[in-house]
Number of protein chains: 2
Amino acid sequence: MSNNKKFVEAITAMDEDFAQWYTDIVKKAELIDYSSVKGCMIIRPYGYAIWENIQKELDSKFKETGHENVYMPMFIPKSLLQKEADHVEGFAPEVAWVTHGGHDELVEPLAVRPTSETLFCEHYSKTIESYNDLPRLYNQWCSVVRWEKTTRPFLRTTEFLWQEGHTAHATAEEAQEETLQMLNVYADFLENFLAIPVIKGQKTDKEKFAGAKATYTIESLMHDGKALQSGTSHNFGDGFAKAFDIQYTDKNSKRQYVHQTSWGMTTRVIGALIMVHGDDSGLVLPPKVAPTQVMVIPIAQHKEGVIEKATELKNRIASVARVKIDTSDKMPGWKFNEYEMKGIPVRVEIGPKDIEKNQAVLVRRDTREKIFVSLDNLEQSISDLLVDIHENLYNKALDNRTQKTFEAKNMVELKEIADTKPGFIKAMWCNDLACEEKIKEDVGLTSRCIPFEQEQVSDECVCCGKKTETMVYWGKAY
Amino acid sequence: MSNNKKFVEAITAMDEDFAQWYTDIVKKAELIDYSSVKGCMIIRPYGYAIWENIQKELDSKFKETGHENVYMPMFIPKSLLQKEADHVEGFAPEVAWVTHGGHDELVEPLAVRPTSETLFCEHYSKTIESYNDLPRLYNQWCSVVRWEKTTRPFLRTTEFLWQEGHTAHATAEEAQEETLQMLNVYADFLENFLAIPVIKGQKTDKEKFAGAKATYTIESLMHDGKALQSGTSHNFGDGFAKAFDIQYTDKNSKRQYVHQTSWGMTTRVIGALIMVHGDDSGLVLPPKVAPTQVMVIPIAQHKEGVIEKATELKNRIASVARVKIDTSDKMPGWKFNEYEMKGIPVRVEIGPKDIEKNQAVLVRRDTREKIFVSLDNLEQSISDLLVDIHENLYNKALDNRTQKTFEAKNMVELKEIADTKPGFIKAMWCNDLACEEKIKEDVGLTSRCIPFEQEQVSDECVCCGKKTETMVYWGKAY
């Protein structure tokens with residue numbers, strides 16, 4: 001894990017400087033490192049182990065819902081990227097271009113994929129012929145590149161890791177079902193695996209994906225009251241199918257365009273994990289995603305029998321949790337700090353006095369509560385505690401969101417809340433782009449989503465006063 | 001899987017045109033597809049499922065031997081790539097260069113990684129401080145790009161998937177141990193998982209990795225007598241450490257350079273799988289790597305009880321193997337062809353007469369033998385058969401290699417064998433580059449490796465006649 005040479009240094013307090021607190025954590029918990037490649041990050045073993053757990057869980061959900069993994073080239077010829085007009089317009093400003101191969105200039109520049117719709121579409125146009133070939137349910141795990149001016153680890157980097165699902169269906173209804181199904185897979189994953197509550201909803205036209213008919217999103221609220229778009233699912237209708245001529249022969253021998261979707265989740269959810277659950281001692285990981293769920297630390301380990309007993313406990317715990325033991329010669333206090341910084345959900349302390357009393361001390365990372373448990377029921381105590389920690393983290397995050405969700409009926413209220421109370425603001429909107437733009441300009445808020453669960457905050461647009469029944473979550477976002 | 005519209009078409013016979021046979025298989029078994037990205041391939045679900053099994057097995061071996069996964073940026077600034085002189089000289093001719101980000105020209109071009117030594121070295125120079133930080137045992141799964149003029153699916157593509165291990169050690173001995181340990185992991189993997197026998201040995205200086213002190217390789221022989229380098233492990237000594245200033249403080253507080261290794265295996269092993277085991281009916285997959293190990297096909301499935309019984313068998317087999325059932329309305333003959341093309345190791349046929357006799361028909365993909373087994377011991381019969389198929393495939397491949405391995409004592413013999421008998425040729429070599437180059441020029445053979453298991457074919461260099469004790473495997477290679 002880490003080296004011996006120093007105590008973990010304290011990190012900046014959250015309330016003092018949230019951005020610096022975040023940067024401190026990603027470095028001190030050894031999630032990432034910077035390199036000479038501007039805007040890109042090195043994901044270190046501990047950060048990557050978190051991503052591996054995310055991948056494993058999501059991948060099994062994708063396979064359960066009938067999806068297959070594939071791998072597309074990382075390059076997209078310029079002419080192919082330009083085939084769908086809205087799509088290229090949206091992505092062109094942030095594309096990295098390969099212009100030379102070896103010592104030769106290329107005849108046609110290649111984009112390093114910012115997303116792979118165009119490649120999937122080209123493949124589908126060649127391989128889909130009849131209704132028997134549908135639905136086509138593909139996913140790929142890869143990295144993509146979007147040229148960014150300002151970057152922050154996990155949240156916005158020039159290169160990031162993600163998965164992108166791409167599906168083709170016979171009917172518009174099936175495509176819409178798939179779009180919502182995958183949004184629900186993401187929502188369940190965030191809530192049940194990462195302990196992060198989400199708002200499900202639809203993006204406004206201004207905020208939707210370049211080339212999509214409709215974009216759906218899950219939005220989560222960070223500890224500082226800023227929103228994070230945590231996963232998106234797009235219904236393309238037949239727009240790409242028409243641009244790429246993806247047709248199939250239906251049961252009546254008629255040629256029809258397919259209806260498509262795409263959906264993606266990225267390494268930025270690791271940023272969400274940090275900013276939703278972390279505290280002034282470092283990272284706090286929900287048990288299901290934690291690479292190590294339990295760390296056993298022997299106390300007074302030079303005393304006879306302590307290391308043996310601690311090792312025995314570790315082996316017993318291994319039947320119910322991902323567990324490690326630290327028998328290095330560092331001081332226990334150093335170890336406590338180190339594993340708190342890394343957000344390991346449970347610490348088990350065992351020393352000579354505990355052995356005498358047939359007990360162990362469990363220390364929860366989330367509440368820092370110490371629990372004395374009998375060694376007789378150790379496995380059960382650990383299992384129960386892990387479940388409890390997950391629930392507590394989820395509820396804490398939900399409380400934070402509830403406390404930081406406000407309502408505004410007019411621009412004066414909207415501005416006052418935006419200026420003084422970071423969080424989500426629920427406000428009515430007339431569906432007019434002009435109002436959405438005015439709110440951004442005057443108040444600095446963007447529409448996060450039109451939630452599926454609508455509420456009637458008032459009956460007038462917060463901006464222009466026009467009658468409306470549409471409620472929108474507004475916020476400042478990462 | 002596939003669509004209904006046609007019988008699988010026959011493929012070119014191996015002996016008629018091996019290259020065309022190979023191309024037919026990768027297309028007809030639906031392993032890959034071409035795209036408009038020249039030199040790159042689309043890995044389709046069936047091909048990618050094979051790669052996923054390879055990844056899963058290798059990754060568990062890497063973790064068992066103490067390695068951790070990380071992710072480095074895909075870009076390398078030109079100045080960083082140039083830091084180690086031999087390394088950049090070796091890779092510069094095949095690098096793809098990003099010169100523009102968005103609408104702006106970059107101040108410094110970025111290489112799309114052809115391999116990541118330079119990035120790992122930069123990271124190590126920042127994060128390794130004392131002997132406590134060693135050994136550093138990292139691996140990464142990613143894609144890399146090498147600009148190739150002539151490409152073939154899996155064997156040589158502009159972009160390919162691989163893993164690259166990068167380690168740093170306190171001593172030269174430890175680095176050498178690691179280098180050979182990982183070579184052995186690869187060799188065991190090919191032999192025990194892919195059923196491909198390998199020759200382990202060292203590359204000559206001419207053939208070693210750009211920047212390495214020594215490169216070790218496993219070489220396998222394809223059905224057509226051509227060799228395939230199937231995995232390499234490099235000892236860098238302290239060359240990169242000096243170029244990148246990677247030093248640690250030893251126990252005596254003295255600064256020392258680290259000793260490094262790297263090792264990689266790529267999607268080209270899928271090419272080896274095809275060319276070692278395949279036949280004129282298509283792919284033949286060894287059971288351990290096969291995405292589907294057993295395919296159950298009901299015969300006369302419209303008859304009462306057949307589909308039910310076949311499904312029951314499928315569920316029973318699921319306890320011992322990865323199994324699927326095909327109850328589609330295609331003809332059994334169509335299904336047989338389709339799954340033979342895909343190389344599924346065992347086909348289970350079950351029809352009304354079999355049900356009457358309490359039996360099933362197992363058809364081996366490797367020998368096409370039909371075996372009638374009692375349903376009472378079905379699980380055991382399947383398990384045993386899968387083991388037997390693995391062994392048979394391994395032995396067949398070993399026989400092929402033995403039959404196609406020759407010896408030559410002088411240039412006349414060497415040339416005659418090279419011109420008429422495709423395969424490995426064992427011949428003595430004086431360790432002189434001039435002779436190695438002359439053999440390439442005059443006979444068209446490259447040195448595959450100096451095998452660990454040396455034999456005394458003669459006591460003189462096959463080329464110049466100088467006394468030597470070094471025996472080399474020569475061949476034509478993919």
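Just so we're on the same page: letters track the sequence lines, and every chain starts at 1. What you see is a predicted model, and the numbers here were worked out from it, not measured in a lab.
- The contact between B/K63 and chain A is made entirely by side chain atoms (from C-beta outward), counting heavy-atom distances below 4.5 Å.
- In this structure, chain B has a heavy atom under 4.5 Å from the side chain of A/L80, while its backbone stays farther away.
- When all heavy atoms are compared, the tightest approach of A/H103 to B/A92 is CE1-O, 4.3 Å.
- Proximity to chain B is limited to the side chain of A/W147, based on heavy atoms less than 4.5 angstrom apart.
- For A/D33, the part lying under 4.5 angstrom from a heavy atom of chain B is the side chain only.
- Ranking B/E52, B/E94, B/Q140 against chain A, the residue ahead of the rest is B/E52, based on heavy-atom pairs under 4.5 Å.
- The structure places OG of A/S143 at 14.0 Å from CE of B/M72, a figure rounded to the nearest 0.5 Å.
- Distance check: B/I42 CD1 to A/H123 NE2 gives 5.5 Å after rounding to the nearest 0.5 Å.
- Heavy atoms closer than 4.5 Å to chain B are found nowhere in A/N139, neither backbone nor side chain.
- One finds the CD atom of B/E105 at 8.0 Å from the OG1 atom of A/T99 (value rounded to the nearest 0.5 Å).
- When each of A/E122, A/M41, A/R146 is scored by its heavy-atom pairs under 4.5 Å with chain B, the top score falls to A/E122.
- Considering all non-hydrogen atoms of both residues, B/Y138 and A/P45 come closest at CE2-CG, 3.3 Å.
- Side-chain contact between A/M74 and B/V112: present, with at least one pair of heavy atoms (C-beta onward) separated by less than 4.5 Å.
- The candidate from A/G47, A/A49, A/P77 with the greatest count of non-hydrogen atom pairs under 4.5 Å with chain B is A/P77.
- In terms of heavy-atom pairs under 4.5 angstrom with chain B, the leader among A/C142, A/P114, A/G102, A/S79 is A/G102.
- For the set B/A111, B/C40, B/P93, the count of heavy-atom pairs under 4.5 angstrom toward chain A peaks at B/P93.
- Minimum interatomic distance between A/F75 and B/A96 (heavy atoms only, all atoms of both residues): CZ-CB, 4.4 Å.
- Taking all atoms of both residues into account, the shortest heavy-atom contact from B/P73 to A/E159 is CA-OE1, 3.3 Å.
- The most heavy-atom pairs under 4.5 Å with chain B, out of A/T158, A/V145, A/D104, A/I32, come from A/V145.
- The shortest side-chain heavy-atom distance between A/L119 and B/V37 falls under the 4.5 Å cut-off.
- The shortest side-chain heavy-atom distance between B/R44 and A/T127 falls under the 4.5 Å cut-off.
- In this structure, A/V70 and B/Y46 have side chains that are not in contact, with every pair of non-hydrogen atoms separated by 4.5 Å or more.
- In this pair, B/Y48 and A/Y71 present their aromatic rings parallel. The plane angle is below 30°, not in the 30 to 60° band.
- Between chain A and the residues B/L106, B/L161, B/L110, B/I76, the most heavy-atom pairs under 4.5 angstrom are made by B/L161.
- Using a 4.0 Å cut-off between a side-chain N of Lys or Arg and a carboxylate O of Asp or Glu, A/K38 and B/E108 do not qualify as a salt bridge.
- Without hydrogens or angle criteria, B/K126 side chain to A/S35 main chain gives no donor-acceptor distance under 3.5 Å.
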